[in-house]
Amino acid sequence: MERTVYLLLENGKYFEGKGFGASLDEVTGEVVFTTGMTGYLETITDPSYYGQIVVQTFPMIGNYGVIPQDFENKEVYLSAYIVKEWCQDPSNFRSSGNLDTFFKERKVPAIYGIDTRKLAKTIREYGSMNGRLTVKKPPYGPEELEQIRNFRITSAVESVTPAGCHLIKTNGKADYRVVLWDFGAKENILRELTKRGCDVYDATASTTADEILALDPDGIMLSNGPGNPEDNARVIEELKKLAVAKRPIFGICLGHQLLAIARGAKTGKMKYGHRGANQPVKDLETGRIYISSQNHGYEVLRESLPAGAEETFINVNDGTCEGITYRDIPAFTVQFHPEACAGPKDTEELFGRFIKMMEKYKEEASCR
């Protein structure tokens, strides 16, 4: 028998739906929405959603089932999942199951049957809010709303980073050695690097600058990850040391924010963030517009950029900073995801730019 489940927002609004997945009586998290029409498996397994209740705005979810080869991480770190309608009988030759069973196995609660369009519009109007999935019926008292408002995501990066450093080798000849500083990296970052001839050391977030440099990398990748970038004070201090080591650096999403802070910039929380596969970004050097995949609730504040940091991409919708090139160190970062799966692939050539930076570094190193 299906259970009635309610989503209670911190502003007192609530939505009634039906539960599937794990049968937890209550879970609290930050409620965010994503506008992707495909790629729900990549969304569900993206560590950047740690501690969040994720709302899919596309109405039908689960129609191509569960495909482990498409996962971005073997674990699921989101707190709960909300859809308008979930497909109980998926049809895809690659599918190995359905979302209900998948969520039950991983103890993740989910809810369907609510007006996700209205919910997304509510978040857009009020801004990001905390919420609680509960089987308790309304009305709700002020003490419950206060508990929800007081919820905070803590120890986010520490909760999703790998336990230790391990090597992922390219299938062919290794032309480059890259350290991926893993703050909750998506699997496709590794795929994009290894298919370009990189051996990749996947390093935990607690790795020090000295330990990274001891691996003698040709380049350093700063990964995506969850939470408030300013919560990672130790990583930022180590990143300050790495920045002056003159190794090529490429940062994505959280990595973009962390390097900006390490170089003296500030970050701030956005009203409701960018999450989805349809965010237009403009390359300020060429004027070209790209469609990008994004998942973040914080931004680098352009007015705080230090000398030597040049804004190179902006968001066409709201003008926020989407990319920085550092003229005083060999580094560039982007807020969007050039490794995006299920797409779009418009900006994946940024990995090629990183390869060229490492090639130049190796040539210069051989001449010393």
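- Ile289 is linked by a side-chain contact (heavy atoms from CB on, under 4.5 Å) to Pro280, Lys282, Val316, counting only residues two or more places apart in sequence or in another chain.
- Asn73 pairs by the side-chain hydrogen bond (donor to acceptor under 3.5 Å, both in side chains) definition with nothing, not counting sequence neighbours.
- Atom CE of Met37 sits in a sparse spot, with 12 or fewer heavy atoms from other residues, nucleotides or ligands closer than 6.0 Å.
- In this structure a side-chain-to-backbone donor-acceptor pair under 3.5 Å is missing from Asp283 to Phe313.
- Through chains of ILVMFWY side-chain contacts below 4.5 Å, Ile314 is grouped with Leu284.
- Considering CD1 of Ile252 and OG of Ser223, their distance stands at 8.0 Å, rounded to 0.5 Å.
- Side-chain contact annotation: Thr28 with Asn130, donor-acceptor N/O pair under 3.5 Å absent.
- Taken together through direct or relayed side-chain contacts under 4.5 Å among Ile, Leu, Val, Met, Phe, Trp and Tyr, Leu213 and Val179 form part of one hydrophobic cluster.
- Between Thr161 and Asp182 the shortest heavy-atom distance is OG1-O, 2.6 Å.
- For the atom pair SG (Cys321) and CZ (Arg302), the distance works out to 6.5 Å, reported to the nearest 0.5 Å.
- In this structure, Lys362 does not pair ionically with Glu359, as no charged nitrogen and carboxylate oxygen lie closer than 4.0 Å.
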Task: Step-by-step side-chain contact (heavy atoms from CB on, under 4.5 Å) determination, Thr34 to Gln56 - done: CA-CA 5 Å; Thr34 178; Gln56 294 273 182; 3.6 Å; yes

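- Side chains of Ser159 and Tyr50: a donor-acceptor N/O pair is present below 3.5 angstrom, by distance only.
- Taking the side chain as every heavy atom from C-beta outward, Val178 and Met358 approach each other to under 4.5 Å.
- With His274 as reference, His296 is the one residue of Gln335, Glu299, His296 to meet the side-chain hydrogen bond (donor to acceptor under 3.5 Å, both in side chains) rule.
- Side-chain contact between Phe332 and Phe250 is present, with at least one heavy-atom pair separated by less than 4.5 Å.
- In this structure, the side chains of Met129 and Thr122 come closer than 4.5 Å at one or more pairs of heavy atoms.
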Task: Worked check of side-chain hydrogen bond (donor to acceptor under 3.5 Å, both in side chains) between Tyr112 and Glu2 - done: CA-CA 11 Å; Tyr112 79 98; Glu2 290 183 317; 2.2 Å; yes

- [ ] Check step by step if side-chain contact (heavy atoms from CB on, under 4.5 Å) holds for Leu254 and Ser48.
- [x] CA-CA 9 Å; Leu254 180 63; Ser48 295; over 6 Å; no

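- Here the CZ-CD1 distance, from Arg191 to Ile168, works out to 12.0 Å after rounding to the nearest 0.5 Å.
- Formation of a donor-acceptor pair under 3.5 Å by the Trp181 side chain with backbone atoms of Met221 is not found in this model.
- A donor atom on one side chain and an acceptor atom on the other are found under 3.5 Å apart for Arg353 and Thr325.
- Thr35 and Thr57 share no side-chain donor-acceptor pair at under 3.5 Å.
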Task: Working for side-chain hydrogen bond (donor to acceptor under 3.5 Å, both in side chains), residues Lys18 and Thr4 - done: CA-CA 5 Å; Lys18 298 294 183 181; Thr4 299; 3.0 Å; yes

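- The shortest side-chain heavy-atom distance between Glu187 and Phe71 does not fall under the 4.5 Å cut-off.
- Under a hydrophobic-cluster definition in which Ile, Leu, Val, Met, Phe, Trp and Tyr are linked whenever side-chain heavy atoms come within less than 4.5 Å, directly or via other members, Val31 and Ile114 are assigned to the same cluster.
- A heavy-atom distance below 4.5 Å is found between the side chains of Arg275 and Asn295.
- The hydrophobic clustering, which links ILVMFWY residues whose side-chain heavy atoms are closer than 4.5 Å, places Val27 and Tyr6 apart.
- Under the 6.0 Å cut-off for aromatic ring centres, Tyr290 and Phe336 do not qualify, their centroids lying 6.0 Å or more apart.
- Using modelled atom types and a 3.5 Å distance limit, the side chains of Gln279 and Asn315 yield a donor-acceptor pair.
- No salt bridge links Asp199 with Arg177; every basic N to acidic carboxylate O contact stays at or beyond 4.0 Å.
- Neither side chain, Tyr201 nor Glu211, offers a donor N or O lying under 3.5 Å from an acceptor on the other.
- Residues Val54 and Val66 share a hydrophobic cluster, clusters being chains of Ile/Leu/Val/Met/Phe/Trp/Tyr side chains in contact below 4.5 Å.
- A donor atom on one side chain and an acceptor atom on the other are not found under 3.5 Å apart for Lys195 and Thr170.
- At most 12 non-hydrogen atoms from other residues, nucleotides or ligands lie less than 6.0 angstrom from NZ of Lys13.
- Rounded to the nearest 0.5 Å, atoms CD1 (Ile189) and NZ (Lys186) are 7.0 Å apart.
- Arg234 and Glu237 are not joined by a salt bridge, as no carboxylate oxygen comes within less than 4.0 angstrom of a charged side-chain nitrogen.
- Other residues, nucleotides and ligands contribute only 12 or fewer heavy atoms inside 6.0 Å of the CG atom of Asp89.
- Across all non-hydrogen atoms, the minimal contact from Cys198 to Ile355 is SG-CD1, 3.6 Å.
- Put simply, Tyr64 and Ile61 are part of the same group of oily side chains (I, L, V, M, F, W, Y) that touch within less than 4.5 Å, one to the next.
- Side-chain contact between Leu259 and Leu239 is present, with heavy atoms from C-beta onward closer than 4.5 Å.
- With rounding to the nearest 0.5 angstrom, the CZ atom of Arg106 is 11.5 Å from the NZ atom of Lys74.
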Open item on the list: Could you walk me through whether Ile44 and Phe102 satisfy the side-chain contact (heavy atoms from CB on, under 4.5 Å) test, starting with their C-alpha distance in whole Å, then the side-chain angles of each, then the deciding distance to 0.1 Å, before giving a yes or no?
Closed with: CA-CA 11 Å; Ile44 292 167; Phe102 176 82; 3.8 Å; yes

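- By the 4.0 Å N-to-carboxylate-O rule, Glu144 lies too far from Arg132 to be salt-bridged with it.
- No hydrogens or angles considered: nothing links the side chains of Asp210 and Thr208 as a donor-acceptor pair under 3.5 Å.
- Side-chain atoms of Lys246 and Pro330, non-hydrogen and from C-beta on, do get closer than 4.5 Å to each other.
- Contact record, Gly268 with Leu301: N-CG, 4.0 Å, taken as the closest heavy-atom pair.
- Although no hydrogens or angles enter the test, the distance criterion places a donor-acceptor pair under 3.5 Å between the side chain of Asn232 and the main chain of Pro229.
- Within 6.0 Å of atom CG in Asp216, more than 12 heavy atoms from other residues, nucleotides or ligands are found, so the atom counts as buried in its surroundings.
- Evaluated for a side chain to side chain contact (heavy atoms under 4.5 Å, CB included) with Ile291, the options Asp346, Thr347, Val281 yield exactly one hit, Asp346.
- Salt bridge absent: Lys121 and Glu125 never bring a charged side-chain N and a carboxylate O closer than 4.0 Å.
- Between atom OG1 of residue Thr267 and atom CG of residue Asn228 there is a gap of 6.0 Å, rounded to the nearest 0.5 Å.
- The 12-atom threshold is not exceeded at NZ of Lys356, counting heavy atoms of other residues, nucleotides or ligands nearer than 6.0 Å.
- Side-chain contact between Leu258 and Leu222: absent, with no pair of heavy atoms (C-beta onward) separated by less than 4.5 Å.
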Open item on the list: Please determine whether side-chain contact (heavy atoms from CB on, under 4.5 Å) holds for the pair Tyr40 and Tyr81, giving the CA-CA distance in whole Å, both sets of side-chain angles, and the decisive distance to 0.1 Å.
Closed with: CA-CA 11 Å; Tyr40 61 82; Tyr81 196 59; 3.5 Å; yes

